[in-house]
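Okay, so here's the structure we're looking at.
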Amino acid sequence: MIHIKTAEEIELLRASNQLVSRTLAEVAKYIAPGVTTLELDRIAEEFIRDHAAIPGFLGYKGYPKTLCTSVNQQVVHGIPSNYHLKSGDIVSVDCGVLFQGYFGDSAYTFAVGEVSDRVRLLLKTTRESLYKGIENAREGMRIGDIASAIQDHCEREKFSVVREMVGHGIGKGLHEAPEVPNYGKRGHGVRLQQGMVLCIEPMINMGRKEIAQDPDGWTIYTTDKMPSAHFEHCVAIGKNGADFLSTFDYIEKVYSFKTN
Ligand code: MF3
Ligand code: CO
């Protein structure tokens with residue numbers, strides 16, 4: 001069942017997602033060679049609690065941390081650890097909060113120091129594909145329109161779309177219906193209605209699309225060990241377009257997204 005949100009609920013979801021966006025910007029200030037992903041996690045947890053909210057992932061199905069930090073070949077759900085980021089790495093930082101009864105959820109992939117041109121293209125293309133998907137997030141369109149826009153944009157650069165992991169509805173639950181895949185066919189799938197709130201989160205691999213799960217029970221990685229990028233926004237479906245509940249503006253004030 002898809003929960004259609006009232007205007008009041010959408011404002012609560014905006015507050016939660018804005019806090020996620022500000023938390024990601026706080027974390028972004030510290031991303032540099034040498035920092036550990038566990039240090040980033042502590043910064044995020046403290047920031048969230050200082051804003052009267054609760055980390056949204058901590059304890060969710062037993063997940064042990066505030067952030068998911070997925071480095072290089074890790075696709076999503078990497079667990080913060082004592083790993084020191086180094087120049088040339090990329091790290092997806094995925095953050096969720098629970099605030100006033102509603103979840104926020106957004107993610108951004110950062111380049112650490114200097115990364116290769118092909119890796120930069122992977123980040124740029126994945127980020128662009130998210131916005132191409134969101135262009136289709138309006139009343140009367142279908143989930144398949146979002147999905148195919150993302151897929152077409154990434155496959156044009158010969159990158160591949162992860163199949164098993166998908167975006168989702170969000171509200172009082174972190175993961176609500178419908179599923180939002182990043183591949184599919186135009187005109188197929190659930191019809192979008194005003195008041196639906198979706199997390200759209202392309203997970204795009206430089207090499208092959210196949211993934212596997214680490215014995216830690218969480219970390220998803222590419223089986224060919226090539227890098228993977230992940231960007232996520234939360235949007236409300238409107239009559240004439242998407243209403244962005246999360247934003248990368250705060251992040252990109254402290255972190256410059258270099259495209260070449
Ligand atoms: N953005 C991720 C997702 O939607 C966050 C979930 S991590 C979990 O799957 F630990 F909470 F599961
Ligand atoms: Co999500």
Side-chain angles (χ1 to χ4, degrees), residues 2-3 5 13-14 16-21 23-24 27 37-38 40-41 44-45 48 53-71 74-81 90-99 102-110 126-127 129-131 133-134 137 143 146-147 150 161-183 196-205 211-221 228-237 242 244-248 251:
I2 299 174
H3 294 283
K5 275 78 182 181
L13 281 156
R14 190 187 313 280
S16 299
N17 280 285
Q18 289 289 304
L19 178 55
V20 170
S21 299
T23 305
L24 289 173
V27 168
T37 51
L38 199 54
L40 301 178
D41 193 77
E45 179 169 2
I48 291 165
I54 303 173
F57 301 164
L58 184 65
Y60 182 83
K61 296 184 179 167
Y63 186 73
K65 298 290 174 200
T66 291
L67 299 177
C68 297
T69 52
S70 307
V71 180
Q74 297 177 350
V75 179
V76 287
H77 301 172
I79 303 173
S81 73
I90 55 172
V91 57
S92 151
V93 180
D94 192 349
C95 181
V97 304
L98 179 60
F99 182 52
Y102 288 82
F103 281 92
D105 181 11
S106 176
Y108 195 95
T109 303
F110 298 90
T126 305
R127 186 184 179 291
S129 78
L130 170 57
Y131 287 89
I134 292 171
I143 291 284
I146 297 174
I150 293 169
V161 178
V162 171
R163 301 297 202 265
E164 297 87 343
M165 317 291 296
V166 296
H168 49 93
I170 189 169
K172 290 182 176 170
L174 175 60
H175 293 140
E176 296 186 356
E179 292 194 343
V180 186
N182 300 298
Y183 70 100
M196 288 181 182
V197 177
L198 304 178
C199 287
I200 303 174
E201 49 179 319
M203 288 151 270
I204 306 299
N205 298 349
I211 58 169
Q213 189 179 50
D214 187 271
D216 69 14
W218 285 101
T219 311
I220 303 295
Y221 62 90
S228 182
H230 174 218
F231 289 82
E232 176 175 17
H233 267 315
C234 179
V235 300
I237 304 300
F244 281 78
L245 304 185
S246 57
T247 175
F248 295 151
I251 295 173

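Ligands are counted one by one from 1 in listed order, and the atoms in each one are counted from 1 as well. Values reported hereafter were calculated over all heavy atoms of this structure, with side chains retained and with hydrogens, waters and symmetry mates removed.
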Original post:
How far does NZ of Lys65 sit from CG of Leu58, to the nearest 0.5 angstrom?
Top reply: 8.5 Å

Original post:
Short question: side chain of Ser16, backbone of Tyr102 - any donor-acceptor pair under 3.5 Å?
Top reply: yes

Subject >> Any Cys68 heavy atom less than 4.0 Å to ligand 1 >> reply: yes

**OP:** Could you please give the number of protein N/O/S atoms within less than 2.8 Å of the Co ion (ligand 2)?
**Re:** 4

Subject >> Glu176, Glu179, Glu201 screened by side chain to side chain donor-acceptor pair (under 3.5 Å) with His168, the one that passes >> reply: Glu201

Subject >> Element-labelled atoms of ligand 1 that are located less than 4.0 Å from some non-hydrogen atom of Asp105 >> reply: 1 (N), 4 (O)

Subject >> Minimum heavy-atom distance between Pro181 and Val166, given as atom pair plus value >> reply: CA-CG1, 3.7 Å

Original post:
Is the shortest distance from a heavy atom of Met165 to ligand 1 less than 4.0 Å?
Top reply: no

Original post:
Taking N or O atoms only and a 3.5 Å limit, does Tyr63 qualify as a polar contact for ligand 1?
Top reply: no

Original post:
Does the N or O separation between His230 and ligand 1 drop below 3.5 Å for any pair?
Top reply: no

Original post:
For ligand 1, which atoms, with element, lie under 4.0 Å from some heavy atom of Tyr60?
Top reply: 8 (C), 11 (F), 12 (F)

Original post:
So, Ser21 side chain and Thr247 main chain: donor-acceptor pair closer than 3.5 Å or not?
Top reply: yes

**OP:** Start with the C-alpha gap between Tyr131 and His233, add the side-chain angles, then the distance that decides, and say whether ring-ring contact (aromatic ring centres under 6.0 Å, His included) holds.
**Re:** CA-CA 9 Å; Tyr131 287 89; His233 267 315; 5.4 Å; yes

Original post:
Hey, which atoms in ligand 1 end up nearer than 4.0 Å to a heavy atom of Glu232?
Top reply: 1 (N)

Original post:
Counting each atom of ligand 1 from 1 as listed, which ones have a heavy atom of Asp94 under 4.0 Å away?
Top reply: 1 (N), 2 (C), 5 (C)

Original post:
Do any nitrogen or oxygen atoms of His77 come within less than 3.5 Å of a nitrogen or oxygen of ligand 1?
Top reply: yes

**OP:** Please confirm whether His168 comes within less than 3.5 Å of ligand 1 when only nitrogen or oxygen atoms on both sides are compared.
**Re:** yes

Subject >> Close approach, Leu174 and ligand 1, non-hydrogen under 4.0 angstrom >> reply: yes

**OP:** Specify the protein heavy atom at minimum distance from atom 5 (C) of ligand 1: its residue, its atom name, and the distance to 0.1 Å.
**Re:** Phe57 CZ, 3.2 Å

Original post:
What's the spacing between Leu24 CG and Phe110 CZ if we round to 0.5 Å?
Top reply: 6.0 Å

Subject >> Close-contact set for ligand 1 against His175 heavy atoms, below 4.0 Å >> reply: 3 (C), 4 (O), 9 (O)

